[in-house]
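See structure below.
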Amino acid sequence: MSVESPVLPAAPAGPVAVIGAGTMGAGLAQTAAAAGRDVILYSRTEETLARASAAIDTSLRRIARREAARPEPGAAADPDQVRLRIALTTDLGDCGEAAVVIESIAEDLTAKRRMFAELDRICAGSAVLATNTSGIPIGLVAGATSRPERVVGTHFFSPVPVMALCEIVRGPATADSTMAAARSFAREIGKQSIVVDRDSPGFVTTRLLTVLILEAIRMVEDGTCRAADIDLACRLGFGHPMGPLASVDLSGLDVFHDVASGLHRATGNPVFAVPALLGELVASGHHGRKSGRGFHDYSDADRTEVGGG
Ligand SMILES: NC(=O)c1ccc[n+]([C@@H]2O[C@H](COP(=O)([O-])OP(=O)(O)OC[C@H]3O[C@@H](n4cnc5c(N)ncnc54)[C@H](O)[C@@H]3O)[C@@H](O)[C@H]2O)c1
């Protein structure tokens with residue numbers, strides 16, 4: 001990994017295509033449009049596009065309200081102007097003119113490879129083809145195209161309009177010019193980038209966070225400390241905005257179980273071994289906030305921790 005160099009060329013000019021209109025796709029389309037880019041947001045269905053469109057409206061209104069309430073309001077992008085820059089489509093062919101393409105469909109290698117084979121067929125040879133995967137090695141996705149040198153990992157964070165980081169991942173064949181273009185684009189839309197030079201599963205951030213969360217779970221499991229106190233320690237002791245167990249409750253214990261076991265399988269590193277407690281909670285349907293219970297209880301307003309202590 002290396003830190004950001006201040007000398008970068010301008011990002012490739014032209015429209016940005018965002019492929020997949022879920023949580024991340026909607027946030028990416030909004031953020032690129034707020035930075036002044038014309039955006040084409042693609043999804044397979046009109047329903048998903050309508051949901052993404054509503055989510056973008058809500059987020060833009062919230063940002064505009066927050067800006068207006070500040071003592072010295074900044075220049076928040078005009079929500080109407082931002083909306084006008086986002087075209088919605090269910091026709092992937094409409095993305096053929098894009099200078100930068102960010103794929104943000106499901107975290108599924110087969111689906112991503114199929115999508116990249118299609119993008120390879122329809123996009124200009126000069127386009128930067130980026131995948132917003134959380135941890136799938138870029139080489140595996142790039143291998144579905146005839147131009148792996150133009151494929152790069154751009155791992156953004158949720159919610160995209162708010163979170164300032166983009167992890168930029170070099171695949172085995174990614175060209176320096178593609179890396180520079182991706183970093184310039186991230187900067188243009190207001191993100192700081194870190195560069196991951198080795199295309200390894202989980203990149204940097206997913207690997208680090210997984211270790212912290214797994215160790216927190218092991219401490220709940222062996223009775224070292226209660227979930228609420230571990231979260232408090234990380235918030236007050238380390239300045240984390242949210243403790244590791246509250247954070248895994250938010251992203252979903254089932255999703256995290258898949259991430260950790262995937263990393264364990266891919267690396268063989270015992271630090272990624274999944275503690276029995278996590279498997280038991282997932283098997284019992286305790287998937288975190290979305291199911292009402294994970295390491296904390298969300299069944300009523302008063303949150304209490306479960307799972308040990
Ligand atoms: N949610 C996060 O916190 C987060 C953070 C960073 C990166 N990511 C990554 O971003 C990507 C998208 O995540 P998300 O949270 O937006 O997921 P999501 O489920 O909200 O959205 C994914 C969208 O892709 C669509 N889709 C699925 N398979 C498809 C296919 N074969 N072709 C076209 N569309 C397809 C789905 O219908 C859905 O609308 C994933 O790779 C994920 O790992 C997620």
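In what follows, every heavy atom counts, from backbone to side chain, and hydrogens, waters and symmetry copies are set aside. Remember, predicted model here, so these are calculated numbers, not experimental data.
The closest donor-acceptor contact from the side chain of His155 to the backbone of Ile168 lies at 3.5 Å or more, if one exists at all. With Asp249 contributing its side chain and Phe295 its backbone, the two residues share a donor-acceptor pair below 3.5 Å. For the pair Lys191 (side chain) and Met163 (backbone), a donor-acceptor distance under 3.5 Å is present. Under the 3.5 Å distance criterion, the side-chain polar atoms of Arg170 are left unmatched by any main-chain donor or acceptor of Val195. A donor-acceptor pair under 3.5 Å is formed between the side chain of Ser184 and the backbone N or O of Pro9. Remark: side-chain polar atoms of Arg293 are not paired, donor with acceptor, to backbone N or O of Ser299 under 3.5 angstrom.
Hydrophobic clustering of Ile, Leu, Val, Met, Phe, Trp and Tyr side chains at less than 4.5 Å, counting indirect connections, unites Val204 with Val141. Linking ILVMFWY side-chain heavy atoms closer than 4.5 Å, directly or via other members, places Ile56 and Ile63 in two distinct hydrophobic clusters. Hydrophobic clustering (side-chain heavy atoms under 4.5 Å, transitive across Ile, Leu, Val, Met, Phe, Trp, Tyr) groups Phe203 together with Ile194.
Looking only at atom types and distance, the side chain of Thr89 has no donor-acceptor partner in the side chain of Asp91 under 3.5 Å away.
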**Request:** I would like to know whether Cys123 and Arg147 meet side-chain contact (heavy atoms from CB on, under 4.5 Å); could you show each step before the answer?
**Result:** CA-CA 11 Å; Cys123 292; Arg147 45 173 129 168; 3.9 Å; yes
**Request:** Using the side-chain contact (heavy atoms from CB on, under 4.5 Å) rule, take Val160 and Gln30 through it: C-alpha gap first, then chi angles, then the decisive distance, then the call.
**Result:** CA-CA 9 Å; Val160 184; Gln30 175 187 332; over 6 Å; no
**Message:** Using the rule given for side-chain contact (heavy atoms from CB on, under 4.5 Å), can you reason through Ser158 versus Met24, listing the C-alpha separation, both sets of side-chain angles and the distance that settles it, and then say yes or no?
**Reply:** CA-CA 7 Å; Ser158 180; Met24 295 300 288; 3.7 Å; yes
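No more than 12 heavy-atom neighbours from other residues, nucleotides or ligands sit within 6.0 angstrom of CZ on Arg114. When the shell of 6.0 Å around CZ of Arg207 is examined, it contains 12 or fewer heavy atoms from other residues, nucleotides or ligands.
Atoms OG1 and CD, from Thr90 and Glu47 in turn, are 10.0 Å apart once rounded to the nearest 0.5 Å.
Looking at Thr178, Thr174, Asp120 one by one, the single match for side chain to side chain donor-acceptor pair (under 3.5 Å) with Arg150 turns out to be Thr178. Between Val151 and the options Val101, Leu129, Val128, a side-chain contact (heavy atoms from CB on, under 4.5 Å) holds for only Leu129.
Electrostatic pairing of Arg218 and Glu215 counts as a salt bridge here, judged by a charged N lying under 4.0 Å from a carboxylate O.
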